[in-house]
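One structure is given below, encoded as structure tokens.
Below, chains carry the letters A, B, ... as their sequence lines are ordered, and counting in each starts from 1.
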Protein chains: 2
Amino acid sequence: MHTDLDATFAALADPTRRAILARLATGEATVTELAAPFAMSQPAISKHLRVLERAGLISRGRSAQRRPCRLNAGPLQEATAWLAAYRDHWAESYQRLDNLLDELRAAEETAASEPAEAEGDDRA
Amino acid sequence: MHTDLDATFAALADPTRRAILARLATGEATVTELAAPFAMSQPAISKHLRVLERAGLISRGRSAQRRPCRLNAGPLQEATAWLAAYRDHWAESYQRLDNLLDELRAAEETAASEPAEAEGDDRA
DNA sequence: ACGCTGTATAACCTCTCGGTTTTATAACCA
DNA sequence: TGGTTATAAAACCGAGAGGTTATACAGCGT
């Protein structure tokens, strides 16, 4: 249960991959759809997807010649759990930020209908 | 405010560095103290510390010829905030884990005297 | 002044990463 | 059957990670 953190954090260390995850949070997408926003070749995206897949962050189906990707957030939860152990430490420093997360959480729950303009969006 | 995630996640992607952070959650420590548990040369640890420092995860003081390190958890909070955007997605899949975090949190609050022993300890 | 302790720097090696271009595979369409 | 679309695979490249050993530097103790 304490493995894979290497792969998970390493996968998250790249802005392109974080953006891909953000996109996939919206719903399934094909490789070319995912590649579109980036000034990068298609094979480069395929490589990123392979990294995400090996980290367990995405999984892929088959639809004709397309290979749709979908988010698999399990590892993100593991990562979050690891980080949670340090919550106190930044709470010490500046407790106000403890609220930030609660706000964030509340915002998400409330904004079920409102057009999310909040973060989760990286990259141009 | 949404930068540095690259550096933060990259820093967290190494088990040695995660272990160092776990150790520092206990309190300040000198370089040799930090190096002790690892089957690795001292310069290697110094390099890891430089990575952590450049990621803003630690800062260092001076006490005689020693250069004590202390945890600076700000970036961890940023990382947590980023991950928080995906909470729903694993909540969908298996809601039970939503509780896990609450339990973890509760455990920490209760164990006000026992600093993070959960996980964090990697490596042989 | 001398030597010891604590830490950083330098030079080097190997491996992986992130990107490229080119080519192959697979499944659709006509 | 042939062509086009969607994706993967191969071969290559430069840069950086992560480790090593050897060396330099700083500050203490005597």
Check the distance between [N]'s [atom2] and [X]'s [atom1] and give it to me in whole angstrom.
{"X": "B:Asp14", "N": "C:dC15", "atom1": "CG", "atom2": "C1'", "answer": "14 Å"}
{"X": "A:Glu33", "N": "D:dT5", "atom1": "CD", "atom2": "P", "answer": "16 Å"}
{"X": "A:Gln65", "N": "C:dA24", "atom1": "CD", "atom2": "P", "answer": "20 Å"}
{"X": "B:Arg54", "N": "D:dG18", "atom1": "CZ", "atom2": "C1'", "answer": "15 Å"}
{"X": "B:Phe38", "N": "D:dG19", "atom1": "CZ", "atom2": "P", "answer": "10 Å"}
{"X": "A:His48", "N": "D:dT7", "atom1": "NE2", "atom2": "P", "answer": "16 Å"}
{"X": "B:Leu49", "N": "C:dT7", "atom1": "CG", "atom2": "C1'", "answer": "10 Å"}
{"X": "A:Ile45", "N": "D:dA6", "atom1": "CD1", "atom2": "C1'", "answer": "14 Å"}

Could you pull out the closest heavy-atom pair between A:Leu49 and A:Leu34, with the gap in Å?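 Shortest heavy-atom separation between A:Leu49 and A:Leu34 comes out as CD2-CD1, 3.9 Å.
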Shortest non-hydrogen separation from B:Arg66 to B:Thr30 and the atoms involved: CG-CG2, 3.6 Å
Check: [Y] main-chain N/O paired with [X] side-chain donor or acceptor under 3.5 Å:
{"X": "B:Glu53", "Y": "B:Arg50", "value": "no"}
{"X": "A:Asp6", "Y": "B:Asp14", "value": "no"}
{"X": "B:Tyr86", "Y": "A:Gln77", "value": "no"}

Base, sugar-phosphate, or nothing for A:Ala64, non-hydrogen atoms under 4.0 angstrom? sugar-phosphate
Look at all strands and tell whether B:Arg62 reaches a base, only sugar-phosphate, or nothing, counting heavy atoms closer than 4.0 Å. nothing
Please confirm whether any donor atom in the side chain of A:Gln42 sits under 3.5 Å from an acceptor in the base of D:dA6, or the reverse.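 Absent.
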Between B:Pro68 and B:Lys47, which residue's closest nucleotide on DNA chain C lies nearer the 5′ terminus?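 Per heavy-atom nearest nucleotide, the more 5' residue is B:Pro68.
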Are OP1 or OP2 of [N] and a side-chain N or O of [X] less than 4.0 angstrom apart?
{"X": "A:Thr32", "N": "D:dT7", "result": "yes"}
{"X": "B:Arg17", "N": "D:dG18", "result": "yes"}
{"X": "A:Ser46", "N": "D:dT7", "result": "no"}
{"X": "A:Arg60", "N": "D:dA8", "result": "yes"}

Among [options], the nucleotide that comes nearest once only the side chain of [X] is considered:
{"X": "B:Met40", "options": "D:dG18, C:dG19, D:dT20", "result": "D:dT20"}
{"X": "B:Thr30", "options": "C:dG19, C:dT7, D:dG18", "result": "C:dT7"}
{"X": "B:Arg67", "options": "D:dG18, C:dT7, D:dC12", "result": "C:dT7"}

